[in-house]
Structure formats: C-alpha cells, structure tokens
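Note on naming: letters A, B, ... go to the chains in the order of the sequence lines (proteins, then strands), and numbering restarts at 1 for each one. Just so it is clear, the values below take in all heavy atoms, side chains as well, and ignore hydrogens, waters and symmetry mates.
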Amino acid sequence: MSTIRTRFAPSPTGFMHVGGVRTALFAWFIAQQAKGTFILRIEDTDKVREVEGSIAQIENSLRWLGIDWQEGIDKGGEFGPYLQSERLAIYKEWAQKLIDQGKAYADPYTKEELDAFRDQAKAEKRAFLFRDHRPENPPAWDGTQPLRFKSDPKSYQWHDAVMGDLSTGPEVVDDFILIKSDGFPTYNFCHIIDDMLMGVTHVLRSQEFISSTPKFLNLYEALGIERPVLATLPFVMAMDGKKKLGKRDGAKDILEYGKEGYLPEAMMNFLATLGWNDGTEQEVFTRDELIEKFTLERVQKSPARFDEQRLLWLNGQHIRSLSLDDLYERVADFWPESAASSDEAYKKQVLALVQDRLKTLCDLPTITDYFFDDPTPNWQMADDNKQLRKLTREEQVELLQTAQAVFETSAFDPESLQETLNQLLETTGQKPGILFSLIRLAVSWAPFSPALNDTLATIGQTAAIERLQKAIETA
RNA sequence: GGUCUCAUCGUCUAACGGUUAGGACAUCAGGUUCUCAUCCUGACAAUCGGGGUUCGAUUCCCCGUGAGAUCACCA
C-alpha cells in the first residue's frame, strides 16, 4: 500500500480555468502512479468571494477531464469533512494550542492603525512587518479580533520538487493572520492544518505561493509537524503578452473546451506537456502513459504559454486515434440537425469518412451536412474553380449528363465507383481536375469533401443521380 | 521600493561540460490520379548581454538586462 496522498484544494470562486486544472492534474498524476490517494478539498473560507454553484462546477470540470478523487465532499473519507467551513472547530482547537504555547496573539489594531503603520513603512522605504508592532500586552483573544501567528523569524533554505533549492532571509517571515475576525481561518493557516490532518504527503501549488512558503515553514515548526514534499508549478501564461493566464485575461472555463469539441484526453495531453516532457520525443500521450511517466522533476521551471494551435493539433491526433464506435459516442451532440432522421449505421459510415478531417467535434456539421440533406446548387462555385472555368456551362452540363447515365448502370460500392470514374475519364477525355471536381460539386455543393468515390457511395445511387439531375436543371 | 523566481527557434521543448544545438506546433514548398483533411518529404527558424572557471560552456560562477511573483482580515 502506498502512502502517497495528494490533494487539490480550490476555492469555490467561479469556474475552473486551465491553470487550476493543470495543478489538479499533476497532483492526480502523482497519486495515481503511486496507487495513492487524491483528495478534493474545498477551501471556502472567504465568504465574500464565494460564487454559488462553483463546487459542482469544479467537480464537473475534473470529471470531464477524467480526474477522479478518492476522498471529497461527495465521496466522504476518513479525514473529512472536506469542506473547510465545516472544520471551523478544528482550526479553533489548533489555534488554541498555539495561543497556549504563546505562539499566537490577538491583533488589537484597527484597520486605520494598521494602514498608518504601512504608510509609515512605505515612507521610510522599507518593508512593512507586522512583528515590528507586536503589542506588548495583547488582549485575550475573544474571537472578535484577528488572531495572529507569533512568528520566529529566521533564514530558510528548502527543497522544492520542481524549482530545486530555494532560500530566503528572515525578513519575509512575519506575523500573519491565522483566524480572521469573522471567525474563519486564513488559507495560510487552515491549509496547513488540513494537509497535516489529512495526511497529505505532496503539496503542489502554483508559483504565486513561492514567496509565502517561508511563512508556512515557520508555522510547520511552531506546530511541530513534519512538512510535506513541496512542489511549485510555474504559471500557464496567456498566448499574447506575458501575463499569467487568468480569468480577466480571457482564460476560459475548462468545460467550454468540451462544448467546443475538444476531447478531454487531448486537453489532458496538452496540459501535461505544457511544462513537462518525458525526455523522449514523444508528443502524443494517452492518459495511462501520462500517469506512468509523469515526474515532478521533469516539470519546467519557467512559465509556458497556452498555445491553442498545439491544443488543436493534439485534438486532431486524439480524434484520429479513437475507434469508430468510440468516436460515434463522443459526437452524439455534434451532428447537424439534418442528421436527426438518419440511422446509426449511416451516420457511422459518414463519420468514418470524415474522421481524418475533424480538428474539433464542432467541425462535424459543416463537413457532413450534405450527406444528410440535399444541398442547394450554387453554380458560382463552379465559376470560381480555376479548372472548371475553362469549360462553358454547356460543356459542364454535357459532362454531368454523361456521368449521370453511367451512374444509372454502375455498381455503387467505392471500388466499383472508382473503376466507373476511371472509365469516365477515358471516355470523356477529361482530366480528374475537371471531371471529378465537377461531379463532386454537383453532388455536394461543398468547398471540400472526402474522396469522390467514397462520397458517391455514401450518398447512394438514387440520391447521387437525383442531385446530378438537379444540378443540370439549375445550370 | 524590499524579497524571491525564471531565461534555448514565433510557441512547447531536448541536449553526463565535448552534438552540424535535436524534436514537435505554427508557417512556407513539394508528393499522395479532384477539393479539404490525414499521411510523407523538404525549407525557414534559437542558446538575452558581458565577464570569468575550463583544453572546451546552452550547461558551472559573477554582474547586468528582461520577464514574472509576492509584500491582504484572497486564496
């Protein structure tokens, strides 16, 4: 049995974007590959920023990606509750221990007094430290004031599984707030208590926390608890500019990508290889390969840009690697309306033809519509075609009539049709560029389509002949 | 401003101190009896600058420069 336990601990402040999801993903990899436990804990200690429905959205986002957790609000577990607002008594208990040891005290200052201290520090061009203003005789903590940690300033050097050896001086260790005046703990305090009580062995979080790590180290010591493995992940940056990809910079809800026809395994592959690689030249990974091969040591130290082009390419790769049956299930919500009355066998036939052409599942309607609904002739398309332009309309119609006649007697499987089409090239003396383009247009009126013989075979003999007839009549 | 972190093609990245600095995306050019896509071939394209250490530096050290983070009763 493995002892590895990791967690993802988001706040319910809105939808999940790619940066947050990647942190969850890496933590999940670590747990999965060690057959350990992945915990989903919700950090709802800021009631002001909380957004209704966020928890369900977070859970749905993780599920969509294929990330599952063994302990969490919905799953339970022996270290619950997994919602921080239900753990207030626990935090109070640990806060009391610190008070009893003289390592925490009530903050007697008003906001105005605090601001004055800060302004003063700023005017003197030095960093503000609360511990410079520790009250000599703090009042007993009655829960209405903030409770502060009495820090023990010192230099730190520590190892980060991603960033390597890090160090700071004592000036960054300060008396931060453990419990707010509203009775809720701060992240700085409760995440440490929870990680300890939940037996978390590896703490993964994004880069913004690197500078507050010494504070955490100081608190670990004060509480006398062993610190977990720390891993700091670099940011995911917006493609344009050098800003961290955040909601205000256009970061999308991860679930949007599903609606836009991206496969979760493509997204997983993309996020994993954004700042990580296995040292080989492999680019496309399955979910199981990622779980097996992922290591924190090979995670990049520098931020990576979110390149949608690469995501799009990976999506195509994953779409092509799907079996037809699997793909068929995935595209259930993506068919054009015209496909509603078609049966499964026919839709699968069409799908097989366009599988190589899909970059996202959303491409399906535009590239398959004419397989389900008779297209409206648009002879302008013939006029715009460089090859077809060389022929007069009468010559074009004549060719179509010839083709129509041949199709009346041809077998309509792809192989026979290819023979029929080849014979047609000979009898008409035309080049494929002209003859095939013309027939292709007349049966599809689409800018592109699969190979002509496959297209004709799928549309079927009756419809193909009818469409040629309609083309001839409207010429 | 203090503190901390980072730095290889446009982008994601590879390279025990010794390679013509490799691969992928994107772009461009060809090929696959029509189009689009797939697939294949090829082209373009990078070690931030300056000092050291070393026979030899993308790699180690220092100084710059640039970028980012943090300094909340947010996480």
Side-chain angles (χ1 to χ4, degrees), chain A residues 9-11 13 43-46 48-49 107 111 114 118 121-122 124-129 145-148 160 163-164 166-169 171-172 174 176-188 190-191 205-214 232 234-235 237 239 241-244 270 273-284 298 300-314 316-317 319-320 354-359 363 367 381 385 387-388 418 421-422 425 430-441 444 446-452 455:
Chain A
S11 335
T13 54
E43 309 215 325
D44 63 335
T45 56
D46 183 352
V48 178
R49 293 204 315 156
D107 175 350
K111 185 180 183 303
L114 258 183
R118 286 207 177 87
K122 200 173 183 183
E124 293 169 14
K125 294 203 168 185
R126 57 184 175 79
F128 166 76
L129 283 171
Q145 318 99 319
L147 183 71
R148 283 196 185 257
D160 185 287
M163 303 302 279
L166 303 173
S167 61
T168 54
E171 63 281 350
V172 298
D174 196 15
F176 59 88
I177 290 176
L178 301 170
I179 308 241
K180 299 180 277 183
S181 56
D182 66 0
F184 282 89
T186 60
Y187 165 82
N188 296 332
C190 61
H191 93 270
R205 61 187 144 212
S206 89
Q207 218 179 9
E208 61 202 293
F209 292 100
I210 202 164
S211 47
S212 37
T213 301
T232 303
F235 291 125
M237 310 289 275
M239 192 53 201
K242 311 218 169 207
K243 278 197 286 187
K244 169 189 162 189
F270 174 71
T273 53
L274 194 62
W276 173 85
N277 72 85
D278 73 341
T280 72
E281 291 181 351
Q282 185 171 354
E283 306 280 344
V284 182
R298 289 199 67 92
Q300 209 72 13
K301 289 180 178 181
S302 50
R305 301 230 173 92
F306 187 88
D307 184 358
E308 293 214 30
Q309 295 278 14
R310 193 179 151 75
L311 172 60
L312 196 60
W313 172 73
L314 276 170
Q317 295 292 314
I319 286 175
R320 262 161 253 135
V354 300
Q355 182 165 12
D356 283 352
R357 273 157 254 261
L358 291 173
K359 288 219 181 257
D363 295 338
I367 65 177
M381 295 180 79
N385 183 298
Q387 298 288 319
L388 293 180
Q418 192 57 58
L421 288 168
N422 285 342
L425 283 177
Q430 289 293 349
K431 290 178 179 171
I434 288 181
L435 182 69
F436 290 0
S437 294
L438 185 62
I439 299 174
R440 201 179 62 74
L441 268 184
S444 72
F448 51 83
S449 72
L452 185 54
T455 304

Please classify the nucleic acid contact of [X] as base, sugar-phosphate, or nothing, using heavy-atom distances under 4.0 Å.
{"X": "A/Q300", "value": "sugar-phosphate"}
{"X": "A/P234", "value": "nothing"}
{"X": "A/E283", "value": "base"}
{"X": "A/A446", "value": "nothing"}
{"X": "A/T168", "value": "sugar-phosphate"}
{"X": "A/G275", "value": "sugar-phosphate"}
{"X": "A/L166", "value": "sugar-phosphate"}
{"X": "A/S167", "value": "sugar-phosphate"}

Measure the distance from [atom1] on [X] to [atom2] on [N] and round it to the nearest whole Å.
{"X": "A/Q282", "N": "B/A14", "atom1": "CD", "atom2": "P", "answer": "15 Å"}
{"X": "A/E124", "N": "B/G2", "atom1": "CD", "atom2": "P", "answer": "16 Å"}
{"X": "A/E171", "N": "B/U70", "atom1": "CD", "atom2": "P", "answer": "18 Å"}
{"X": "A/Q387", "N": "B/C34", "atom1": "CD", "atom2": "P", "answer": "10 Å"}
{"X": "A/D363", "N": "B/U38", "atom1": "CG", "atom2": "P", "answer": "11 Å"}
{"X": "A/R310", "N": "B/U27", "atom1": "CZ", "atom2": "C1'", "answer": "16 Å"}
{"X": "A/L441", "N": "B/C36", "atom1": "CG", "atom2": "P", "answer": "12 Å"}

Mind checking the [atom1] distance from [N] to [M]? Whole angstroms is fine.
{"N": "B/A67", "M": "B/U27", "atom1": "P", "result": "29 Å"}
{"N": "B/G2", "M": "B/G64", "atom1": "P", "result": "12 Å"}
{"N": "B/A46", "M": "B/U8", "atom1": "C1'", "result": "6 Å"}
{"N": "B/G49", "M": "B/U54", "atom1": "P", "result": "23 Å"}
{"N": "B/U47", "M": "B/A57", "atom1": "C1'", "result": "11 Å"}
{"N": "B/C48", "M": "B/A14", "atom1": "P", "result": "14 Å"}
{"N": "B/C44", "M": "B/G10", "atom1": "P", "result": "14 Å"}
{"N": "B/G22", "M": "B/C9", "atom1": "C1'", "result": "12 Å"}

Of the candidate nucleotides [options], which contains the atom at the shortest distance from the side chain of [X]?
{"X": "A/R357", "options": "B/C36, B/C25, B/U38", "answer": "B/C36"}
{"X": "A/M163", "options": "B/G10, B/U35, B/C6", "answer": "B/C6"}
{"X": "A/F128", "options": "B/A69, B/A72, B/C6", "answer": "B/A72"}
{"X": "A/F448", "options": "B/U13, B/U35, B/A24", "answer": "B/U35"}

Legend entry - Qualifying residues under ring-ring contact (aromatic ring centres under 6.0 Å, His included), relative to A/F436, sequence neighbours excluded: none

Inset, instruction - Check side-chain contact (heavy atoms from CB on, under 4.5 Å) between A/T168 and all other residues, then give those that pass, not counting sequence neighbours. - result: A/Y156, A/W158, A/V172, A/P214

Inset, instruction - Quick one: list whatever passes side-chain contact (heavy atoms from CB on, under 4.5 Å) with A/S11, sequence neighbours left out. - result: A/T13

Inset, instruction - Please tell me if the side chains of A/R205 and A/H191 come closer than 4.5 Å, counting only heavy atoms from C-beta onward. - result: yes

If you restrict it to nitrogen or oxygen atoms, what contacts under 3.5 Å exist between nucleotides 20-22 of chain B and the protein, and what is each distance?
{"from": "B/G22", "atom 1": "O2'", "to": "A/E281", "atom 2": "OE2", "distance (Å)": "3.2"}

Legend entry - Side chain A/R305 and base B/U11 donor-acceptor under 3.5 Å: no

Inset, instruction - State whether the distance check finds a donor on one side and an acceptor on the other, under 3.5 Å, for side chain A/R440 versus base B/C34. - result: yes

Inset, instruction - Could you verify whether a donor N or O on one side chain and an acceptor N or O on the other, from A/E43 and A/T45, lie under 3.5 Å apart? - result: no

Legend entry - Closest-nucleotide ordering on RNA chain B, the 5'-leading residue of A/R126 and A/R320: A/R126

Inset, instruction - With RNA chain B as reference, determine whether A/W313 or A/V172 sits nearer its 5' end, using the nearest nucleotide of each. - result: A/V172

Inset, instruction - For B/C28, give its Watson-Crick or G-U wobble partner with both distances under 3.5 Å, or none. - result: B/G42

Legend entry - B/A37: pairing nucleotide in any strand, Watson-Crick or G-U under 3.5 angstrom: none

Inset, instruction - Might you point out which heavy atoms bring A/V354 and A/P450 nearest each other, and give the distance in Å? - result: CG1-CG, 4.4 Å

Inset, instruction - State, to 0.1 Å, how close A/R320 and A/Q355 come at their nearest heavy-atom pair, and which atoms those are. - result: O-NE2, 3.7 Å

Inset, instruction - Considering only NZ, NE, NH1 and NH2 on the basic side and carboxylate oxygens on the acidic side, decide whether A/E283 and A/R310 come within less than 4.0 Å. - result: yes

Inset, instruction - Ignoring backbone atoms, test whether A/K359 places a side-chain nitrogen or oxygen under 4.0 Å from the OP1 or OP2 oxygen of B/U38. - result: yes

Legend entry - Phosphate OP1/OP2 of B/U13 contacted by A/N277 side-chain N/O (<4.0 Å): no

Would you tabulate the nitrogen or oxygen pairs shorter than 3.5 Å linking the protein to nucleotides 73-75 of chain B?
{"from": "B/C73", "atom 1": "O2", "to": "A/S181", "atom 2": "N", "distance (Å)": "2.7"}
{"from": "B/C73", "atom 1": "O2", "to": "A/S181", "atom 2": "OG", "distance (Å)": "2.7"}
{"from": "B/C73", "atom 1": "N3", "to": "A/S181", "atom 2": "OG", "distance (Å)": "2.8"}
{"from": "B/C74", "atom 1": "OP2", "to": "A/K180", "atom 2": "NZ", "distance (Å)": "3.0"}
{"from": "B/C74", "atom 1": "O2'", "to": "A/D46", "atom 2": "OD2", "distance (Å)": "3.1"}
{"from": "B/C74", "atom 1": "O2'", "to": "A/R49", "atom 2": "NE", "distance (Å)": "3.3"}
{"from": "B/C74", "atom 1": "O2'", "to": "A/R49", "atom 2": "NH2", "distance (Å)": "3.1"}
{"from": "B/A75", "atom 1": "OP1", "to": "A/T45", "atom 2": "OG1", "distance (Å)": "2.7"}
{"from": "B/A75", "atom 1": "OP1", "to": "A/K180", "atom 2": "NZ", "distance (Å)": "3.0"}
{"from": "B/A75", "atom 1": "OP2", "to": "A/Y187", "atom 2": "N", "distance (Å)": "3.2"}
{"from": "B/A75", "atom 1": "O3'", "to": "A/S11", "atom 2": "OG", "distance (Å)": "3.3"}
{"from": "B/A75", "atom 1": "O3'", "to": "A/E43", "atom 2": "OE1", "distance (Å)": "2.9"}
{"from": "B/A75", "atom 1": "O2'", "to": "A/S11", "atom 2": "OG", "distance (Å)": "3.0"}

Please tabulate the protein-to-nucleotide N/O contacts below 3.5 Å involving nucleotides 30-33 of chain B, giving atom names and distances.
{"from": "B/U33", "atom 1": "N3", "to": "A/N422", "atom 2": "OD1", "distance (Å)": "3.1"}
{"from": "B/U33", "atom 1": "O4", "to": "A/Q418", "atom 2": "NE2", "distance (Å)": "2.7"}
{"from": "B/U33", "atom 1": "O4", "to": "A/N422", "atom 2": "OD1", "distance (Å)": "3.0"}
{"from": "B/U33", "atom 1": "O4", "to": "A/N422", "atom 2": "ND2", "distance (Å)": "3.1"}

